[in-house]
Amino acid sequence: MPELGAPVLKLLAPSAGERILDLGCGDGVLTEKIAAAGASVVAVDAAPGMVAAARSRGIDARITRGQNLTFDHEFDAVFSNAALHWMRPPKAVLAGVRRALKPRGRFVGEMGGHGNTAAIVVALSAVLGRRGLDAHQLSPWYFPSAAAYRKELEDAGFSVEEIRIVPRPTVLPTSIEPWLDTFAQSFFGALPEPGRSSARAEVADLVRPVLMDETGTWIADYVRLRFRATLLA
Ligand code: BEZ
């Protein structure tokens with residue numbers, strides 16, 4: 001859903017001649033748009049399949065975890081869309097972003113924010129809890145509030161110009177089950193087979209009354225956190 005990245009791309013405002021790092025580039029759709037502005041872009045992602053997809057677009061994409069960045073004061077900006085909530089702990093990521101930037105470089109991003117997919121998180125917690133598992137321990141996600149992430153950014157040496165929570169109800173193309181298969185593997189993977197599909201059905205039953213509308217359309221309760229910060233010299 002690349003059009004959903006438009007606001008954060010606007011906030012980045014890439015210009016010709018800049019060197020920009022795309023952190024968690026996915027398939028490179030947004031990276032391509034940054035490059036189209038005339039910037040020279042390096043993209044990283046932890047998933048080899050995503051890096052292959054980005055490379056097939058002609059992007060300089062590399063397999064790297066956001067927690068293990070080794071770039072050295074070489075970028076005018078670091079950009080990230082829909083990826084930072086998969087990277088924990090945030091301090092390790094921010095230390096690498098800081099090191100990657102030139103003095104006064106900017107860090108612009110959008111990620112899952114506080115309350116993101118709250119109904120789904122609560123349902124996962126209930127269903128795994130019935131099976132003796134703690135969903136919060138298993139969660140791969142980090143959904144900070146604006147105040148909490150502002151503090152993380154400031155502690156890492158950034159001045160925060162803008163940071164806000166943006167509720168973004170998101171229509172799912174089909175239903176909740178494929179979404180759970182794609183995004184919630186860390187939870188269901190902790191359950192023995194057989195039993196995963198019945199747990200998945202229980203989650204769907206719990207969230208259906210709040211996430212499915214009268215027409216049968218599933219709308220996930222996405223909440224984003226969007227920010228722009230500058231590295232203090
Ligand atoms: C995402 O990566 O877009 C995402 C992850 C967890 C919950 C919602 C969205």
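Atoms within each ligand, like the ligands themselves, are counted from 1 in listed order.
Summary of contacts: the protein heavy atom closest to atom 8 (C) of ligand 1 is Asn116 ND2, 3.3 Å. Atom 1 (C) of ligand 1 has as its closest protein heavy atom His85 NE2, 3.2 Å.
With a 4.0 Å heavy-atom cut-off, ligand 1 is reached by no atom of Ile120. The residue Tyr142 has no part lying near ligand 1, judged by heavy-atom distances below 4.0 Å. At a heavy-atom distance under 4.0 Å, only side-chain atoms of Arg224, from C-beta outward, approach ligand 1.
Those atoms of ligand 1 with a heavy atom of Thr117 less than 4.0 angstrom away are 7 (C), 8 (C). Interface atoms of ligand 1 facing Trp179, defined by a heavy-atom separation under 4.0 Å, are 7 (C), 8 (C). The contact set between ligand 1 and Trp141, taken as ligand atoms under 4.0 Å from a residue heavy atom, comprises 6 (C).
Within the 4.5 Å cutoff, no side-chain heavy atoms of Asp60 are placed close to those of Val41.
Taking the centre of each ring, Phe227 and Phe107 come in below the 6.0 Å mark.
The pair Glu177-Arg200 does not meet the salt-bridge criterion, since no charged nitrogen lies less than 4.0 angstrom from a carboxylate oxygen. Using a cutoff of 4.0 Å between basic side-chain nitrogens and carboxylate oxygens, Lys102 and Asp76 are scored as salt-bridged. The pair Arg226-Glu110 meets the salt-bridge criterion, since a charged nitrogen lies less than 4.0 angstrom from a carboxylate oxygen. Residues Glu202 and Arg131 are paired through a salt bridge, judged by an N-O separation under 4.0 Å between the basic side chain and the carboxylate.
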